[in-house]
Amino acid sequence: MKRLRTQVGIVGAGPAGLLLGRMLHLEGIDSIILENRTRDYVVGRVRAGVLEQGTVDLLHQVGLGERLQREGLRHCGIHLGFKRRRHRIPFDELTGGRSITVYGQNELVTDLIAARLGTEQPLYFDVRDVCVSGFDSAPRIAFHLADEECEIACDFIAGCDGGHGVCRPSMLATAAQVYEREYPFAWLGMLAGTPPSCEELVYALHDRGFALFSMRSPSITRLYLQCAPHEDIDDWSDARIWDELTERLETADGWRPNRGRILQKGITGMRSLVVEPMRCGRLFLAGDAAHIVPPTGAKGLNLAVADVQRLARALAKYYHNGREDLLDRYSDECLRRVWSVQRFSWWMTSMLHRVPDGSEFDYRRQLAELDYVTTSRAAMTCLAENYTGLPFDAEGLASKS
Ligand code: APR
Ligand code: PHB
């Protein structure tokens, strides 16, 4: 068996694991990152693409801002569409200049991998049979690399292995609790090789269900449609997708998405999930391993970044000052933000989707809510400050201390 030793063993090379590795490296703390997929798979996976202001600021601070600055699309607002009209929510005006940046998660992961490979710090792709143990005293991560059996001895394990990893189940074998909610609908997402016909995102509620207009670059449009959770993607021809998108998004002034070649499409279910606490001894969960949000508020990636920022800071205090108080507060402080973001994502989701067996009453109440959110400055500000992201430290909430 090959025996390895590091300070922090990181499971998962998604945004959470890679960013944690980056932040620890900048603090002079060693880590090993293990990923069970290939590098091509990780880089090619199409995920969300909206970065909050705080996420962008942090990426600049850790030296990852260059391509983001050049290729990211800065947006100062979004549109809400209903009853064949679009209404703009001007984030910058409502929040004192805050904005969001559209930059695909796979672009961010590409940048993070390149930064990691520029250091001596190990990142192993394509590992198998990852198993974490010894959280109480001597953490260990066992795995196979090619056909070799390996084991890492470390001070801490960071479980950054997403919604289907091994760290969450290992945590749940202890006293941790899961709080969960399934939604009775899913999103059919697609990438189209056509220029976006609007400069900002459009979230729309239509009689036939939700639709979202987004983008990745000046030549690539990203779109989503509400569908049923168990639909077969083969039942959705490109023509049917475009007809449905046009119907749900088109406005009375003649605006509609540009049609083009569909480059990729897939269906994803929607749920909310929180694990409490996010720590068991020397195992810390971060990102999707600890919580899942429905994608309507574009919060998954940003929440992962907020966890990692806290974890990196707590580990730095431990190694540089021998202080454990930030590690002790990690779970409680993260969970405060997690629940605040769960609330927002649930609210956006409930306002913008049609519940399959929902009544006309529900639909009319949703339209009334959209009417309020697009006409009351107070309501618009509430949406804008949550969408652009509450501050990383204070969560925008009164401090409890
Ligand atoms: N061993 C090693 N790696 C694993 C294992 C395992 N047993 N199981 C899963 N992984 C890897 C996955 O292949 C993936 O690359 O862990 C990584 C987890 O990354 P993400 O799923 O992207 O999760 P996270 O880094 O927390 O980022 C949150 O993901 O919610 C989505 O798009 C959402 O933007 C959000 C982001
Ligand atoms: C995306 O561009 O992929 C995207 C945008 C906004 C969301 C979710 C996904 O709420």
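When reading the values below, keep in mind they use all heavy atoms of this one structure, side chains included, and skip hydrogens, waters and symmetry mates. Positions are given from 1, in the same order as the sequence printed here. Order of listing sets the numbers, starting from 1, for every ligand and every atom in it.
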Against heavy atoms of [X], which atoms of ligand 2 measure under 4.0 Å?
X	result
Leu201	5 (C), 6 (C)
Ala298	6 (C), 7 (C), 10 (O)
Tyr203	6 (C), 7 (C), 10 (O)
Gly49	1 (C), 3 (O)
Val50	5 (C), 6 (C)
Leu212	5 (C), 6 (C), 7 (C), 8 (C), 10 (O)
Pro295	7 (C), 8 (C), 10 (O)

Atoms in ligand 1 with a heavy atom of [X] nearer than 4.0 Å:
X	result
Gly162	18 (C), 21 (O), 23 (O)
Gly14	15 (O), 17 (C), 19 (O), 22 (O), 25 (O)
Leu34	2 (C), 3 (N)
Val11	1 (N), 2 (C)
Gly165	8 (N)
Val166	7 (N)

Hey, is [X] close enough to [Y] for a salt bridge, meaning N to O under 4.0 Å?
X	Y	answer
Asp328	Arg279	yes
Arg5	Asp155	yes
Asp253	Arg86	yes

Donor-acceptor under 3.5 Å ([X] side chain, [Y] main chain):
X	Y	value
Arg248	Ala204	no
Asn302	Ala298	yes
Glu180	Arg271	no
Thr6	Gly9	no

* **Criterion salt bridge (Lys or Arg N to Asp or Glu O under 4.0 Å) against Asp238, the qualifying member of Arg261, Arg259, Lys265** =>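 When Arg261, Arg259, Lys265 are each tested with Asp238, the salt bridge (Lys or Arg N to Asp or Glu O under 4.0 Å) holds only for Lys265.
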Handout entry: Side chain, backbone, both or neither: Arg45 near ligand 1, heavy atoms under 4.0 Å
Key =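 Answer for Arg45: side chain.
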Please determine if [X] forms a cation-pi arrangement with [Y], meaning its NZ or CZ atom is less than 6.0 Å from the six-membered ring centre and no more than 45° off the ring axis.
X	Y	answer
Lys2	Phe143	no
Arg343	Trp346	no
Arg98	Phe91	no

*asked:* Side chains of Arg216 and Tyr103 only: does a donor on one sit below 3.5 Å from an acceptor on the other?
replied: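 Side-chain D/A pair, Arg216 to Tyr103: absent.
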Inset, instruction - Verify the distance criterion only: is there a donor paired with an acceptor across the side chains of Ser31 and Arg116 at less than 3.5 Å? - result: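 Ser31 vs Arg116: donor-acceptor pair found between side chains.
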Got the closest protein heavy atom to [atom], with its distance?
atom	answer
atom 2 (O) of ligand 2	Ser214 OG, 2.6 Å
atom 25 (O) of ligand 1	Ala16 N, 2.9 Å
atom 4 (C) of ligand 2	Tyr224 CE1, 3.8 Å
atom 28 (C) of ligand 1	Asp288 OD1, 3.5 Å
atom 20 (P) of ligand 1	Arg47 NH2, 3.7 Å

message: When you measure from the heavy atoms of Arg216 to every atom of ligand 2, does any distance fall below 4.0 Å?
response: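 Yes, Arg216 has heavy atoms under 4.0 Å from ligand 2.
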Going by heavy atoms, is Tyr103 under 4.0 Å from ligand 2?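 Judged by the 4.0 Å heavy-atom criterion, Tyr103 does not count as contacting ligand 2.
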Given Tyr203, Phe185, Tyr224, the one that forms ring pair (Phe, Tyr, Trp, His ring centres under 6.0 Å) with His353:
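Result: among Tyr203, Phe185, Tyr224, Phe185 is the only option passing the ring pair (Phe, Tyr, Trp, His ring centres under 6.0 Å) with His353.
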Within the structure, does [X] bring an N/O atom to less than 3.5 angstrom of an N/O atom in ligand 1?
X	result
Arg37	no
Pro15	yes
His164	no

From [options] - option closest to [atom] by heavy atom:
atom	options	result
atom 1 (N) of ligand 1	Val293, Val130, Ile10	Val130
atom 16 (O) of ligand 1	Asn302, Leu285, Asp161, Thr268	Asp161
atom 14 (C) of ligand 1	Glu35, Gln105, His291, Arg168	Glu35
atom 35 (C) of ligand 1	Val50, Val308, Leu301	Leu301
atom 18 (C) of ligand 1	Gly12, Cys160, Gly287	Cys160
atom 3 (N) of ligand 1	Asp129, Leu18, Asn36, Val127	Asn36

Scan Ile10, Asp161, Val132, Ile152 and name whichever one has a side chain to side chain contact (heavy atoms under 4.5 Å, CB included) with Leu34.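 Going through Ile10, Asp161, Val132, Ile152 one by one, the side chain to side chain contact (heavy atoms under 4.5 Å, CB included) with Leu34 is satisfied by Ile152 alone.
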Parallel, tilted or perpendicular: ring planes of [X] versus [Y], cut at 30 and 60 degrees:
X	Y	answer
Tyr387	Phe344	perpendicular
Phe156	Tyr319	perpendicular
Trp255	Phe213	perpendicular

Classify the contact between Trp187 and ligand 2 as side chain, backbone, both or neither, using a heavy-atom distance cut-off of under 4.0 Å.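 Contact part for Trp187 vs ligand 2: side chain (C-beta onward).
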